[in-house]
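Order of the sequence lines sets the chain letters (A, B, ...), proteins ahead of strands, with each chain counted from 1.
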Number of protein chains: 2
Amino acid sequence: MLDAADPAPMNTPSRRRFRREGEERRRQDLIEATLDSVAEHGLQGATLRTIALRAGVTAGLIRHYFPGKEELLQEAYAALMGRMTEQAKAALAIEDASPRQRLAAFVTANLNVPIIDARVFSLWTTFIGRAGADASLARAHREGYLGFRNEVEAVVAEVLAAERREPDASQLRHHAIAINAIIDGLWIEGCLAGDMFAPGELAAIGIKTVEAELGLAPEREDN
Amino acid sequence: MLDAADPAPMNTPSRRRFRREGEERRRQDLIEATLDSVAEHGLQGATLRTIALRAGVTAGLIRHYFPGKEELLQEAYAALMGRMTEQAKAALAIEDASPRQRLAAFVTANLNVPIIDARVFSLWTTFIGRAGADASLARAHREGYLGFRNEVEAVVAEVLAAERREPDASQLRHHAIAINAIIDGLWIEGCLAGDMFAPGELAAIGIKTVEAELGLAPEREDN
DNA sequence: GAGCTTGTTGTGCAAGTGTATAAATAGCCC
DNA sequence: GGGCTATTTATACACTTGCACAACAAGCTC
């Protein structure tokens, strides 16, 4: 049971067998393994050896694709951010829908899987927590946030225009900030304690709250 | 200028001088040093030596007050949570005010310093990020969150009662979840990019959004 | 298939980690 | 002031970490 590392019975010094993967494939695998490691045990658990093990290679290989651990983490964070904003924006791109429907679809998309996901949340917190200290991280976040908020602001403008309302720039900005906050806040609640909410409940609350913020007449119901 | 660590000119093997502080004081200092270290460099940077240096003692002393690093971190987290919920609830305790005023004061308090603070946010993210993996952390958070939400729900009930409204339990719950999300979301935006908002702007948006969610008539203004 | 390139492994190392423990001294009690 | 005790320092140790580098073999080219 002990020392089961040697398949050959004799003193074969045989190395581990391996395959040469394409460069892009390896980088992708390493980045994914990095995200997995960070999500599971935080930055602490993301050691080169852990990452390599998860990617099915040995630690030394990482240095062949990345100058150092720091760069690997940065690329992993960039990949994460890219995926998140891409998914969020995709929800806005539905065709043949009224502005109000598109806004509702946007809220719904952001308050269900796969956006509501404990793994993504864990990654977000570990990286974003360092934004206060790391300037490049802070800038990356700010750009992503502003991009997101501008998307929201654009839809809000369409929704209000369809309602014959004419908000000025300041009001639009306030609406966008508020709606962004509603989505973020509900997203956190869902990620941290998804089992406390019925399926679709967060999305329903989100839509109702957003429409109240914009002063849209509710479909029906009182109080 | 270099090697100024030895006050005695000769080969004195003199140990570092020290003072015996009270037990409670030392524990408090160590916990504070821990929070500072975590806030500044994350869990990675919070080594026993770093913490001890910040607390003005040597690393070995920590083991005299805490069984191990794990326990020190747990106590530090508990202290942080306690302080946060205490501050938040204190804002609700103002006397001689209408329910609506108390709610507004609550929102305002949570969207200004010292609640909006990059250091606290950094601490929150580093600890909460591990809630997905660490069960005790998750439970601690859930209790704090539910306590907070129940406070909100109680004020909401008072506000609506003062308006002669009679929401049922489900509606109350939805309002509390939504308001909680609004505060959390705006809190994050303020912590991450406080300089993007004018002083008091977040609080103003928060109050407006919360009152819209509850269907309270705005003081004045349109659109 | 021989040979070459380079992706990949394995080992080594210095720095740093948490923990254990012995030595020293600060400050109280008499 | 002398002696005791527990706080505090200092050192040691086993272990992990990121990184450097030499050896190796996978798979292409001819």
* Counterpart residues, side-chain hydrogen bond (donor to acceptor under 3.5 Å, both in side chains), relative to Arg63(B) (two or more places apart) -> none
* If only atom types and distance count, is the side chain of Glu201(B) paired as donor or acceptor with the main-chain N or O of Ala198(B) below 3.5 Å? -> yes
* Quickly work out the Ile62(B) CD1 to dT7(D) C1' distance and round it to whole Å. => 14 Å
For nucleotides 28-30 of chain D, give me every protein contact, N/O to N/O, under 3.5 Å, one pair per line with atom names.
none

* Selection: residues 63-72 of chain B, any non-hydrogen atom under 4.0 Å of DNA chain C -> Arg63(B), Gly68(B), Lys69(B)
* To do: Whole angstrom is fine here: how far is it from CZ in Arg26(A) over to P in dG7(C)?
  => 11 Å
* Kindly say whether Ala118(A) contributes a backbone atom to a donor-acceptor pair with the side chain of Ser122(A) at under 3.5 angstrom? => no
* To do: State whether Glu213(A) and Lys208(A) are salt-bridged, where the test is any N-O pair (Lys NZ or Arg NE/NH1/NH2 against Asp/Glu carboxylate O) under 4.0 Å.
  => no
* Pairing residues for Glu153(B) by the salt bridge (Lys or Arg N to Asp or Glu O under 4.0 Å) criterion, not counting sequence neighbours -> none
Report, one pair per line, the protein and nucleotides 25-27 of chain D atoms (nitrogen or oxygen only) whose separation is under 3.5 Å.
unit_1  : atom_1 : unit_2   : atom_2 : d
dA26(D) : N3     : Arg20(A) : NH1    : 2.1

* Structure fact -> Taken in chain and number order and not counting sequence neighbours, the residues that satisfy salt bridge (Lys or Arg N to Asp or Glu O under 4.0 Å) with Arg17(A) are none
* Asked: Who passes salt bridge (Lys or Arg N to Asp or Glu O under 4.0 Å) against Arg102(B), sequence neighbours left out?
  -> Glu158(B)
* To do: With sequence neighbours left out, write down each residue that passes salt bridge (Lys or Arg N to Asp or Glu O under 4.0 Å) with Asp96(A), or none if nothing qualifies.
  => none
* Give one of base, sugar-phosphate or nothing for Glu21(A), where a contact means two heavy atoms less than 4.0 Å apart. => sugar-phosphate
* Does anything in residues 103-124 of chain A pair up under salt bridge (charged side-chain N to carboxylate O under 4.0 Å, His left out), and if so which pairs, sequence neighbours excluded? -> Glu32(A)-Arg119(A), Asp36(A)-Arg119(A)
* Pair Glu21(B) + Arg27(B), salt bridge at N-O below 4.0 Å -> no
* Would you jot down, in residue-number order, the residues of residues 33-54 of chain A having a non-hydrogen atom under 4.0 Å from DNA chain D? => Ala46(A), Thr47(A), Leu48(A), Arg49(A)
* Establish, from distance only, whether the side-chain atoms of Thr47(B) and Thr50(B) form a donor-acceptor pair under 3.5 Å. => yes
* Sequence neighbours excluded - ring pair (Phe, Tyr, Trp, His ring centres under 6.0 Å) pairs with any residue from residues 106-140 of chain A -> Tyr77(A)-Phe127(A), Phe106(A)-Phe148(A), Phe121(A)-Trp187(A), Trp124(A)-Trp187(A)
* Return the value, rounded to whole Å, for the distance between atom CG of Asp29(A) and atom C1' of dT8(C). => 15 Å
* How long is the line joining CG of Leu61(B) and C1' of dT25(C), in whole Å? -> 14 Å
* Can you pull the ring pair (Phe, Tyr, Trp, His ring centres under 6.0 Å) pairs that have at least one residue in residues 20-58 of chain A, sequence neighbours excluded? -> none
